[in-house]
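Data first, discussion second: the structure below is written as structure tokens.
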Amino acid sequence: MFALSLRQRRRVLWAALISDAVFPLAITGSTAVVPDVTAQLPGADALGPWIVLAYNGLFAAALLLAGATADRMARTRFFAVGNLVVAATGALSALAPDLVSLVALRAIAGVGAAMCAAGGSSMILAVYPPEERRRVYGYAGAVLGSSLALGPIVAQALMAVGGWPLVFVAPGAVAAIAALATFGLPGLRSPEVPADFDLAGAVLFGVTIAAVVSALGLGFGAGVPWWGPGGLILIAVAGATWLVRVERRASDPAIPVDLLRIPAYRAYAVATGAFMGMLVVGLTVLPQLGSVQGMGPGEAAIMLSLLTLPSTVLPLLAARLARRLARQLVTTALSACTVTAVILQVTNHPASLLVAAGVVGLCLGLTEGVPDGQALKYVPSQRGGAGAALFSTARMSLETVTLAAATGVMAALGPSSGMAVAGAVCLTAALIVRRAVPSRDV
């Protein structure tokens, strides 16, 4: 732990929170502009989805390497560099001459975003003791939830004002502010840094995750050549096989498997992935069900608001409740999501859709940031970047797999079956948390 003044600790927190607001906006914004960018920039239309996939894939691929690196360097400097990368690529994306250049810039931006996420968590864990992290992650949950809920609205407003280039510039400007917020802060470099660094393991892990995320993002739908996702899956299998061999021989493995041996850490990682899977599936399924039932634009807007807005106002309350009821809060919310998914299998009346959106939104809002704070209290401060990166990687992986599985099932059985998949994941996560986490998880 680093002993900083109260003002310096607050600056560290503010910098991390400002940076946290960028990632959801970058995802929702780039998703919204794909049609316009594809129509206006020269290049094959097939490159359009890669504006999003390149960012997501490289973010997931670089996260563990960024976390391990952040713990070995001056944390605030590493964090600032990541934000400057995001800022620079945002500005250059607005000037991209073609789709190939834009996709390349989005891939670099994904690496920068991984540096921001890992560096921010590493800073927080280095200056805030375990007993204060629930409150800190309550703030982070509020910021992430608000950015996720308001991201589509902000993206549409930016497009209306300045077209698609502004959608890339705006998150970059926010990232630049986060970098400036660290100016004058101590570097926060650990005095004792392990000499060995498992670079090969970190790179192989990144290649494997990038291949998996890209393959799931492409899918095997119409218009996608089979050899695209098929080749990526083969790369992922080869990377994973080689990774196992490298990690067995490494004196200090890149993947902190000792953290995965902690039951509560592992269980909370599964829980947060299940919650995010329920959210992304809900954002896809509920509008489809509403359209089938003749739900008008006003009702659809209310439904999506019920699903997302609780995450903007409830995380701070969730942080308070988590002081004594974290395990119960998480398991109850996961169980409620499961029951809601089951109910949607027997009825999809517009009123039931609104209630389902409200229940799921309430569950997400009351648990936003809670699993993160509970899991990371088991991580030593000097390994904060690696611990947070591994946690985020597990969450993103489960979220992506849940969405991919739900999409495949929906193609065969209809929209409501997608919620059944997400509900099954939530039920599994609830059982894991109930079994692995002590009843007095304080």
> So Val154 and Val167, side chain to side chain contact (heavy atoms under 4.5 Å, CB included) or not? Walk me through it.
Replying inline: CA-CA 9 Å; Val154 173; Val167 175; over 6 Å; no

For a quick test of reading the model, state the closest non-hydrogen atom pair linking [X] to [Y] and the distance between them.
{"X": "Tyr268", "Y": "Ala375", "value": "CB-CB, 3.9 Å"}
{"X": "Ala274", "Y": "Ala429", "value": "CB-CB, 3.7 Å"}
{"X": "Leu105", "Y": "Ala96", "value": "CD1-CB, 4.4 Å"}
{"X": "Val421", "Y": "Ala405", "value": "CG1-CB, 4.0 Å"}
{"X": "Pro315", "Y": "Ser311", "value": "CG-O, 3.2 Å"}
{"X": "Ala322", "Y": "Val370", "value": "CB-CG1, 3.9 Å"}

Exam field: side chain [X] to backbone [Y], donor-acceptor pair closer than 3.5 Å:
{"X": "Ser417", "Y": "Gly414", "answer": "yes"}
{"X": "Ser147", "Y": "Ala21", "answer": "yes"}
{"X": "Thr338", "Y": "Leu427", "answer": "yes"}
{"X": "Thr182", "Y": "Ala179", "answer": "yes"}
{"X": "Arg75", "Y": "Gly187", "answer": "no"}
{"X": "Thr89", "Y": "Val86", "answer": "yes"}
{"X": "Thr428", "Y": "Ala424", "answer": "yes"}
{"X": "Ser101", "Y": "Pro97", "answer": "no"}
{"X": "Ser291", "Y": "Pro287", "answer": "no"}
{"X": "Thr347", "Y": "Ile343", "answer": "no"}

When rounded to the nearest 0.5 angstrom, what distance separates [atom1] in [X] from [atom2] in [Y]?
{"X": "Leu95", "Y": "Leu102", "atom1": "CG", "atom2": "CG", "result": "11.0 Å"}
{"X": "Leu306", "Y": "Leu353", "atom1": "CG", "atom2": "CG", "result": "11.0 Å"}
{"X": "Leu41", "Y": "Asp36", "atom1": "CG", "atom2": "CG", "result": "10.5 Å"}
{"X": "Asp372", "Y": "Arg395", "atom1": "CG", "atom2": "CZ", "result": "5.0 Å"}
{"X": "Leu166", "Y": "Leu158", "atom1": "CG", "atom2": "CG", "result": "4.5 Å"}
{"X": "Thr76", "Y": "Arg11", "atom1": "OG1", "atom2": "CZ", "result": "9.5 Å"}

> Passes side chain to side chain contact (heavy atoms under 4.5 Å, CB included), Tyr139 versus Val143? Steps please.
Replying inline: CA-CA 6 Å; Tyr139 293 137; Val143 170; 5.6 Å; no

Considering only heavy atoms from C-beta outward, does the side chain of [X] approach that of [Y] to under 4.5 Å?
{"X": "Val85", "Y": "Ile108", "answer": "yes"}
{"X": "Leu286", "Y": "Leu344", "answer": "yes"}
{"X": "Leu314", "Y": "Glu368", "answer": "no"}
{"X": "Phe78", "Y": "Met115", "answer": "yes"}
{"X": "Ile262", "Y": "Leu259", "answer": "yes"}
{"X": "Leu307", "Y": "Leu279", "answer": "yes"}
{"X": "Val433", "Y": "Val270", "answer": "no"}
{"X": "Val425", "Y": "Met278", "answer": "no"}

> side-chain hydrogen bond (donor to acceptor under 3.5 Å, both in side chains) between Thr69 and Arg72: does it pass, once the steps are laid out?
Replying inline: CA-CA 5 Å; Thr69 305; Arg72 287 167 166 78; over 6 Å; no

> Can Leu283 and Thr308 be said to form a side chain to side chain contact (heavy atoms under 4.5 Å, CB included), step by step?
Replying inline: CA-CA 9 Å; Leu283 288 171; Thr308 57; 4.0 Å; yes

> Once the angle between the rings of Trp164 and Phe168 is folded into 0 to 90°, is it parallel (under 30°), tilted (30 to 60°) or perpendicular (over 60°)?
Replying inline: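 Rings of Trp164 and Phe168: perpendicular, over 60°.
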
>> Using 30° and 60° as the class boundaries, would you call the ring planes of Phe391 and Tyr265 parallel, tilted or perpendicular?
In response: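 It falls in the perpendicular class, over 60°.
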
>> Please identify which of these residues, Val203, Leu204, Val207, meets the side chain to side chain contact (heavy atoms under 4.5 Å, CB included) condition with Leu243.
In response: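 So the option named by the test is Leu204.
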
> So Ser416 and Val285, side chain to side chain contact (heavy atoms under 4.5 Å, CB included) or not? Walk me through it.
Replying inline: CA-CA 7 Å; Ser416 63; Val285 170; 5.6 Å; no

